Number of protein chains: 2
Amino acid sequence: MVGTPDFAQMLRRCGGRATPGRLRLMRALWKETAPVTAARLQKSLGGALNLATLYRALDALAEDGVVRRVDFRHGHAHYELAAPARAHHHHLACTGCGAVEDVACTLRPRLKRTSAFSTITDHAMEYFGLCKACGARGPERGGRIWTGAGE
Amino acid sequence: MVGTPDFAQMLRRCGGRATPGRLRLMRALWKETAPVTAARLQKSLGGALNLATLYRALDALAEDGVVRRVDFRHGHAHYELAAPARAHHHHLACTGCGAVEDVACTLRPRLKRTSAFSTITDHAMEYFGLCKACGARGPERGGRIWTGAGE
DNA sequence: CAATAAACGCGAATTATTTGCAATAATATC
DNA sequence: GATATTATTGCAAATAATTCGCGTTTATTG
């Protein structure tokens, strides 16, 4: 994935239309370095797209797997480009300041075949922790007593 | 974890109070077989707790790690008991019918030490796929299944 | 038993996300 | 190219889902 991917083709290939709006959306996502919210994306588009339209587009694109919806437990969704524009990866998010870092997928190749499922199409996986800055700042807030178990 | 855990002690141990409300909440969660929404939980509590109170409790408990917030990409959070009441695990969710199955954590023991982070405290990880029933039914109408619907 | 702060209920407020609908424009077809 | 078809869009209004303010109750601590 050297230069900018051919978004127009990418859009059309999954049954959509290469409208100026969606092209700008793709380019805006392409420039992001971490998953962004719909609101932030709209801002970075200079308000070029209506928020409703944006949600509809992101929804459709996520459905097609071109865009990936990420949950950082902030109460709202974040989005980023997925394959084929960006290689599969996951995230490590700082619960202190929100910094996000990409991490490689450390999953074992295959999940054991389970009884009730026939296919596994996707997975979400985010790590949470403290970046060095926040870690140094110490535990401002209480909590986390059962850390030892399991994690 | 044989019988019912000592929820009162569990609550107190992480700085909370063993109020009848929170005890009922814990017991209700304990009976669930899959992560539930706040609304569903309230219903299963017979409305014993106000929804705002419920959210505040779940929030506090999640902060303490006693409860785990799970995201199935349905646009709202689901909750379940975490350690020490329940062993660490993840989920496999059917994007067709919403069926949920527990899966063991297949992560490698440790994430490689990264440059900008000092600690990793938690991780979220859900698989998405089709249960056998939905897989057999085939791609009815490729479309979003969960939007606006009940859960 | 009094003091203290956590937990609660209630209603109102926010925020995120969705929908209905009419207008517009990208593609496929002719 | 002209045209039909249908995805996409904007806008305004509607839904959720979740949070907040605040006065009251009540579980702990001592």
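Any value given below was found using the heavy atoms of this structure, including those in side chains, with hydrogens, waters and symmetry copies removed. In this text, all values refer to a predicted model and were calculated from it rather than measured experimentally. Order of the sequence lines fixes the chain letters, A, B, ..., with proteins taken first and strands second; residue numbering starts at 1 for each chain.
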Report summary line: Walking DNA chain D from its 5' end, the first of B:Pro20 and A:Gly16 to be reached, judged by nearest nucleotide, is A:Gly16
Query raised in the report: Taking B:Thr37 for the side chain and B:His78 for the main chain, is one N or O donor matched with an acceptor at less than 3.5 Å?
Result: no
Expressed as a whole number of angstroms, how long is the span from [X]:[atom1] to [N]:[atom2]?
X: B:Asn50; N: D:dT25; atom1: CG; atom2: P; value: 16 Å
X: B:Asp59; N: C:dA7; atom1: CG; atom2: P; value: 12 Å
X: B:Arg73; N: C:dT17; atom1: CZ; atom2: P; value: 14 Å
X: A:His74; N: D:dT18; atom1: NE2; atom2: C1'; value: 15 Å
X: B:Tyr79; N: D:dA17; atom1: OH; atom2: C1'; value: 9 Å
X: A:Leu51; N: D:dG10; atom1: CG; atom2: C1'; value: 12 Å
X: B:Leu11; N: C:dA5; atom1: CG; atom2: P; value: 20 Å
X: A:Arg13; N: C:dA26; atom1: CZ; atom2: C1'; value: 18 Å

Taking only the side-chain nitrogens and oxygens of [X], find out if one of them lies under 4.0 Å from OP1 or OP2 of [N].
X: B:Tyr55; N: D:dT18; value: yes
X: B:Thr19; N: C:dC8; value: yes
X: B:Arg56; N: C:dC8; value: no

**Report entry** CZ on A:Phe117 to CG on B:Leu130, rounded to 0.5 Å
**Finding:** 8.0 Å
Report summary line: Taken to the nearest 0.5 Å, the spacing of B:Leu92 CG from B:Met125 CE works out to 10.0 Å
Requested in this report: Could you walk me through whether A:Arg13 and A:Asp64 pass salt bridge (charged side-chain N to carboxylate O under 4.0 Å, His left out), step by step?
Outcome: CA-CA 10 Å; A:Arg13 219 176 261 172; A:Asp64 295 329; over 6 Å; no
What's [X] touching, base or sugar-phosphate or nothing? Going by heavy atoms closer than 4.0 Å.
X: B:Ala60; result: nothing
X: A:Ala8; result: nothing
X: B:Ala18; result: sugar-phosphate
X: A:Ala39; result: nothing

Query raised in the report: Using the ring of each side chain (for Trp, its six-membered ring), is B:His91 parallel, tilted or perpendicular to B:Phe72, with breaks at 30° and 60°?
Result: perpendicular
Nucleotide nearest [X] (side chain, heavy atoms from C-beta), chosen from [options]:
X: A:His76; options: C:dT27, C:dA16, D:dC11; value: C:dA16
X: A:Arg22; options: D:dC20, D:dT8, D:dT18; value: D:dT8
X: B:Arg12; options: D:dA12, D:dT28, D:dT9; value: D:dT28

Query raised in the report: If you take atom types as modelled and just measure distance, does the side chain of A:Arg17 reach the base of D:dT6 with a donor-acceptor pair under 3.5 Å?
Result: yes
